[in-house]
4 protein chains.
Amino acid sequence: MTEKSRPLRADAARNRARVLQVAYETFAEEGAGVPIDEIARRAGVGAGTVYRHFPTKESLFQAIVADRLQQVVERAREQAAADPGEGLYAFLFHMAEQGATDLGLTEAFAGIGFDLAAALPDAEKEFTGMMAEILTQAQRAGTVRSDLDVADIKTLIVGLQAMRRFRGDSELMHRVYPVIRAGLAAPDASPDGATDASA
Amino acid sequence: MTEKSRPLRADAARNRARVLQVAYETFAEEGAGVPIDEIARRAGVGAGTVYRHFPTKESLFQAIVADRLQQVVERAREQAAADPGEGLYAFLFHMAEQGATDLGLTEAFAGIGFDLAAALPDAEKEFTGMMAEILTQAQRAGTVRSDLDVADIKTLIVGLQAMRRFRGDSELMHRVYPVIRAGLAAPDASPDGATDASA
Amino acid sequence: MTEKSRPLRADAARNRARVLQVAYETFAEEGAGVPIDEIARRAGVGAGTVYRHFPTKESLFQAIVADRLQQVVERAREQAAADPGEGLYAFLFHMAEQGATDLGLTEAFAGIGFDLAAALPDAEKEFTGMMAEILTQAQRAGTVRSDLDVADIKTLIVGLQAMRRFRGDSELMHRVYPVIRAGLAAPDASPDGATDASA
Amino acid sequence: MTEKSRPLRADAARNRARVLQVAYETFAEEGAGVPIDEIARRAGVGAGTVYRHFPTKESLFQAIVADRLQQVVERAREQAAADPGEGLYAFLFHMAEQGATDLGLTEAFAGIGFDLAAALPDAEKEFTGMMAEILTQAQRAGTVRSDLDVADIKTLIVGLQAMRRFRGDSELMHRVYPVIRAGLAAPDASPDGATDASA
DNA sequence: AATGAATGAGACTTCATTCAT
DNA sequence: GATGAATGAAGTCTCATTCAT
């Protein structure tokens, strides 16, 4: 998905990577509203260069999201391999971290003005598949209640990212994560879906 | 903060209220990007009339948020009075519902492009005070762990709103709320901030 | 078609007319490639004002064409009423004159980058209907051969406009029109469509 | 004007010819608005190569027109040699055909955004000279009225090309050409330049 | 010589805000 | 007070032309 047709000239590849990196940082800082001209300026190239590599703003956005998802997937698989019981938690917290600085990824993930499954079906499948794997591993290890599925995890990620943007890392880690973790580790809810009233 | 100087002519007051209502609905439906002209059109007034009552788009936005907060505060107090143990949960879920249809309020609340405490200090204080009250009542009733404070609740609201935007009401209610509720009802975390359970 | 809903405020109507006039002249001089900004500048208004009245460049173009067609139709009907035998010729020569200064109308008429029947079906029908009337009148008067139809007349207009743009009015009038007129007044071609070889 | 300085390397000459051919076809199909990049792509060369041979888009355009004129001149001379009485008609109809598919040539010829005599004086002279020859031959053969000159023929070509672009070949041939031909073959107009009455 | 990447001016269009009516 | 027209600063994107590879 990254390389197509010819392998791109060295200088072009450098520029493309630079634009991608700068765009990633800029979107992360400022959200999707940043003008392309601003990204071009920060990258030290002309606006036309950005458009040569990414014919629309949307496509630049997609390229960034695809790139980030790829990295996230790899990292999550490694961590789950090292510790299956903790893999899902590590992933959740990593995604939250991403959300802190990466408004663009968060918006994409939460489907704000961006339909991930439609725009990047392959990346989305890969991502969802990875989540299924590490969720299953955690459930087998007994660290996560067994009645949750991938859609629930996605939902929680959206929530965690929003929380992380709202609040500093350290506070979230010490005060809110424990709540979420306790909820995730709790025994399964009763069949009717209501909380099991230990409360 | 709502009434200033002289008490608006009757028709002007009517217009103001109408604009506020329409703007609330429109922002909720379409997000903050809607042109003022569109709001004016829907309200059946000229753009100039909107600007007479709200000198900037930002100020219109603030007025809406203040208005919504006021309503939310009243409702939450009533519910907590009726059932102190459930008041906080009712409030949380109500806020999540708001987030579903009220993109504007959510963004304001989550601090996206809007600093609530700076823009509307009085409303913010009122809102925070109310949350302190109902949190304390719930903790006294034993339905919420005692190591949580208002900032934690705010954080959870931000997360719940994001989750609710991401996922339908019914699914959230049956699959994710139980997790959050289990986490909130869990025994206090150990002093070092980690979850005490299996961890 | 000209007036819709409300009758437009006096100043707005003035501006609209001014923009239409300036745009007409500018397109006529420079063709359809002129930037809207240039038209706005010449009209002494902001670009936004042009867009308020004509939401796209295309729509401005259409408005001009519709306006011109309307005038042409009226004039042609008057002339044909005054002298049925000469009405068609007067119309043809008038259209050629228009083509001289009105690149925009010519392009629209010749269908260059503009589908008249699709864009302005009513105006197109009116225009075609008028041509049918004056052609029939001329044929009854015996000044035009009877085997020609409206499509042929349209074709000749396109040709005459192109010729008029290429060559000065006086020369065209004295040197080329006589050729066309002689051809139009010639006896009908033989049934197989070939010239009747008086040549 | 075609060859300058040293005689181009073989591959360069091949590239030049290929670009010229492709550019001709592309302009003919799409009009003068086509980006140079598109022409380069279709020719299978880099944009830089186009610019090496033709320093501006304008100069590429001129080279094409010169090339086409050359071919038209040759063909017309051959046909006039074969049949002097029909040579002019064959030429006229051939030019009209060209106009159908060759928007670039037509625009150049009609002087739309292009001054042929100024840009390509030699080609223009050659072209005009050829027209004088075949017009004289037709007039001697008695197939064309004797009061027409080369400028009139040029004018008619412009008109015919416009008509041909507007209408299909077959219809033009059977319905409009006869009119033009009848006009061209008609007896001379009276001295004052007006059409000689009903004739 | 060829390539195709980079440039940057400029086109169309939107919209928050001001102001004449 | 209300109206809605006017403004003009952006924003996205295109493309003729230049230049490093």
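The figures that follow rest on heavy atoms only: side chains count, while hydrogens, waters and symmetry mates do not. Fair warning: this is a prediction, and the values are worked out from it, not measured in the lab. Chain naming here is simple, since letters A, B, ... match the order of the sequence lines and numbering starts at 1 in each.
Summarising the geometry, the separation between CG on A/N15 and C1' on E/dG4 is reported as 13 Å, rounded to the nearest angstrom. Taking atom CZ on C/F54 and atom P on E/dT13, their separation rounds to 14 Å, with Å as the unit. One atom, CD of C/E38, and another, C1' of E/dA11, lie 13 Å apart when rounded to the nearest Å. Computed from coordinates, the A/H53 NE2 to E/dT7 C1' distance equals 12 Å when rounded to whole Å. For the pair B/F27 CZ and E/dC15 P, the computed distance is 13 Å after rounding to whole Å. Across the protein-nucleic acid pair, C/R41 atom CZ and F/dT7 atom P stand 14 Å apart, rounded to whole Å. As a whole-Å value, the separation of C/I39 CD1 from E/dT13 P is 11 Å. Atoms CZ (A/R52) and C1' (E/dT3) sit 11 Å apart, rounded to a whole Å.
Contact annotation for A/V34: backbone-only contact, meaning every heavy-atom pair under 4.0 Å involves sugar-phosphate atoms and none involves a base.
Taking every side-chain heavy atom of C/P35 into account, E/dC12 is the closest of E/dA6, E/dC12, F/dA2.
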Dot-bracket for DNA chain E, 5' to 3', Watson-Crick and G-U pairs with both distances under 3.5 Å, [ ] for crossing pairs, | for partner on another strand, reads .||||||||||||||||||||

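The CD atom of A/Q70 lies 11.0 Å from the CG atom of A/D122; values are rounded to the nearest 0.5 Å.
Side-chain nitrogen and oxygen atoms of A/T49 include at least one within less than 4.0 Å of the OP1 or OP2 phosphate oxygen of E/dT7.
Shown here are the side-chain contact (heavy atoms from CB on, under 4.5 Å) partners of D/A43, two or more places apart in sequence or in another chain: D/R18, D/V19, D/V22, D/V45. Applying the side-chain contact (heavy atoms from CB on, under 4.5 Å) test to B/R14 and every residue at least two apart in sequence or in another chain returns B/A10, B/D11. Residues that satisfy the side-chain contact (heavy atoms from CB on, under 4.5 Å) test with C/Y51, not counting sequence neighbours, are C/I36. With sequence neighbours left out, B/D67 forms a side chain to side chain donor-acceptor pair (under 3.5 Å) with B/Q71. Remark: B/D37 engages no residue in a salt bridge (Lys or Arg N to Asp or Glu O under 4.0 Å) (not counting sequence neighbours). For A/A117, the side-chain contact (heavy atoms from CB on, under 4.5 Å) test picks out A/D115, A/E124, with sequence neighbours left out. Remark: D/R42 pairs with D/E29, D/E30, D/E38 by the salt bridge (Lys or Arg N to Asp or Glu O under 4.0 Å) rule, at least two apart or across chains.
Between D/I64 and D/A23, the shortest heavy-atom contact is CD1-CB, 3.5 Å.
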Tabulate atom names and distances for all N/O pairs under 3.5 angstrom spanning the protein and nucleotides 17-21 of chain F.
residue : atom : partner : partner atom : Å
F/dT17  : OP2  : D/Y51   : OH           : 3.3
F/dT17  : OP2  : D/K57   : N            : 3.0

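Comparing C/G46 and B/G44 along DNA chain F, the residue whose closest nucleotide (by nearest heavy atom) sits nearer the 5' end is B/G44.
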